[in-house]
Amino acid sequence: MAKFYITTAITYASQRPHIGNTYEAVFTDAVARYHKLIGDDVYFLTGTDEHGEKIERAAEKEGVSPQDFVNRISKELRDVWDLCMVEYDGFIRTSEPRHKEIVKRIFKKLYDRGDIYKSVYDGWYCIPDEAFHTEAQIVKSENGNLCPDCGRPVEKLSEEAYFFRLSAYAERLTEHIEKNPDFIQPDTRKNEMVNGYIKPGLQDFCVSRTSFTWGVPIESDPGHVTYVWVDALSNYITALGYDAGGNHGELFQKYWPCDVHVLGKDVLRFHTLYWPALLMALELPLPKKVFGHPWILTGSDKMSKSLGNAIYATELVEKYGVDCTRYYVLREMPFARDGSITREQFVSRCNTDLANDLGNLASRSITMAEKYFGGEVSPAEKPQNEVLELCAASRTRYAEAMDKLAMQSAVTEAMAPVVRANRYIDETAPWILAKDNEKAEELRCVLYTLLDTLRAASVLLYPVMPLACGKLRSQLGLSEIPVWDEPSPKGYTVKRGENLFPRIVMEEVEA
RNA sequence: CGCGGGGUAGAGCAGUCCGGUAGCUCGUCGGGCUCAUAACCCGGAGGUCAGAGGUUCAAAUCCUCUCCCCGCAACCA
């Protein structure tokens, strides 16, 4: 039994999570569930990033304290995770004392070692917004330099700040990335990191701010608070009980280094350059893999609140159920390229794969088992045929895909025997066999094949759709929670229940 | 010459590394079946593989150039 530590990025607690944020959590959950299924000792961490200027200002706008504000958002997020059956083992909030205390110590340790130093941060400041912007962010126009948020003029300002000596780690980072081809996934992203950032020369990054106060204070220098990087990234170790002094908690000793960090492609840079460098400075082993997943687009547009095209998981789950929602994002999102969601695509995918293929296969197989054998299907000998061979082959390919985090391929593999089994019914025509008493054993073998295919699918699809697969397994007379090496039973005692995946009729749902 | 991804049937994609009759899903048209959630199964139609040139017996695939779309461009949560 191997240990397996997997994380999502912590979600910034400034607004309610949309389907894009939820995708990351569901994806990670499915991988974690797969590893639990194969018997690994899994720890799945997720959480909320709760500091920073944006939150400070959002709270002020609402007239509440930043703490009250993030309490609400963080709770809202956990409700969404629960709704989507995201079964995490740990949840970290960066405003928790256990986290803030260790962040202070990490900062001090890095400062004492000389990895953090004090300097001056030059930036463009928007007075009405009270916000700093970088040279690259500001909008240049005939009227001078303008704020990218509000379009008003910005002024050049300098503030004292602390920096992390990232430049000192360039060589070690390059070496690590080259020696560990799986460290950054997908590969195309790796090239981006190396060619786009390391080769041109890494610059030290700013780890403190004085322009806001909602953050972890730097004790040796009042007025300074820790800026995002050291604070947020270190969640992956503070949540396990890392202690800068070396007296680490049990979880840390057991689970670090992380096996996979799952995060959006936009923050990949921080997790493949900043985070490893911070860990090197702390003399800790690096995570084994960092996976930058693609974005979910609404049709062909970027999903955003301001465009008004954001789709929320809560709405999808309420209308179509948790299984359809999880299935859609896991089946439809490619490995490396951005995927998309529209209501039409969603309904079509769920109806075709879940209602027509899987749900209908269960329905017709179980109904026939009841009709022809009163629900008891125990052949004298376990049949061997092409369909059951495909089940075994798919299982192997599914596992290979899962190991590579190729979720779309894994789900497709899991569904392959289901598609084959529907054809098998036509080939064997059980309703004809049923008319001939001498063919009873043959019929029993056909039905056993169908039921065993459903069982095999219920195992592979369990990480994707835990609720529906549990129900399917009940109908098959099996325990709701499967194990990976589950043997095919001698026979099945089935009982038909409600349709697992009712067809979605657009008009009804919209009405 | 900033970096990267992409342009293949009405739609969405695979195939490109390791050249050899262009494939999948949805849609569409026709047929079959009746166990099933008007589901399932079989077959047909539909593509000058962005364009031009080159290498080759043979190019979606290799080389060169051109056009178009989309991300990212440094302290953005």
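These values consider heavy atoms only, across backbone and side chains, with no hydrogens, waters or symmetry-generated copies. Each chain gets a letter, A, B and so on, in the order the sequences are listed, and its residues count up from 1.
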Proximity of A:Tyr320 and A:Tyr328 rings by center, below 6.0 Å: no

Atom-pair distance (CD on A:Glu344; C1' on B:U25), nearest Å: 17 Å

Once you round it to whole Å, what is the distance between C1' of B:A39 and CG of A:Asp426? 11 Å

Anything under 30° is parallel, anything over 60° is perpendicular, the rest tilted; go ahead and classify A:Phe164 against A:Phe205. tilted

Provide a list of protein-nucleic acid N or O atom pairs under 3.5 angstrom, restricted to nucleotides 2-5 of chain B.
none

Does atom NZ (A:Lys404) have a neighbourhood of more than 12 heavy atoms from anything else shown, all under 6.0 Å? no

Distance test, side-chain N/O of A:Arg503 to OP1/OP2 of B:C40, below 4.0 Å: no

Whole Å only: how far is the OH atom of A:Tyr424 from the P atom of B:C41? 15 Å

Check: A:Asn356 side chain, B:A39 base, donor-acceptor under 3.5 Å: no

Between C1' on B:U37 and CG on A:Asn499, what's the gap in Å once rounded to a whole number? 5 Å

Find the distance A:Arg423:CZ to B:A36:P and express it as a whole number of Å. 22 Å

Base, sugar-phosphate alone, or nothing: which one does A:Arg331 contact when heavy atoms must sit under 4.0 Å apart? nothing

What is the separation between atom CG on A:Asp266 and atom P on B:C75, rounded to the nearest whole Å? 15 Å

On a heavy-atom basis, the closest approach of A:Ala9 and A:Glu24 is N-OE2, 2.9 Å

Give the nucleotide from the list B:A74, B:C33, B:U37 with an atom nearest to the side chain of A:Trp431. B:C33

Relative to the ring of A:Phe163, is the ring of A:Tyr117 parallel (under 30°), tilted (30 to 60°) or perpendicular (over 60°)? parallel

Counting any heavy atom closer than 4.0 Å, what does A:Val267 reach on the DNA or RNA strands: base, sugar-phosphate only, or nothing? nothing

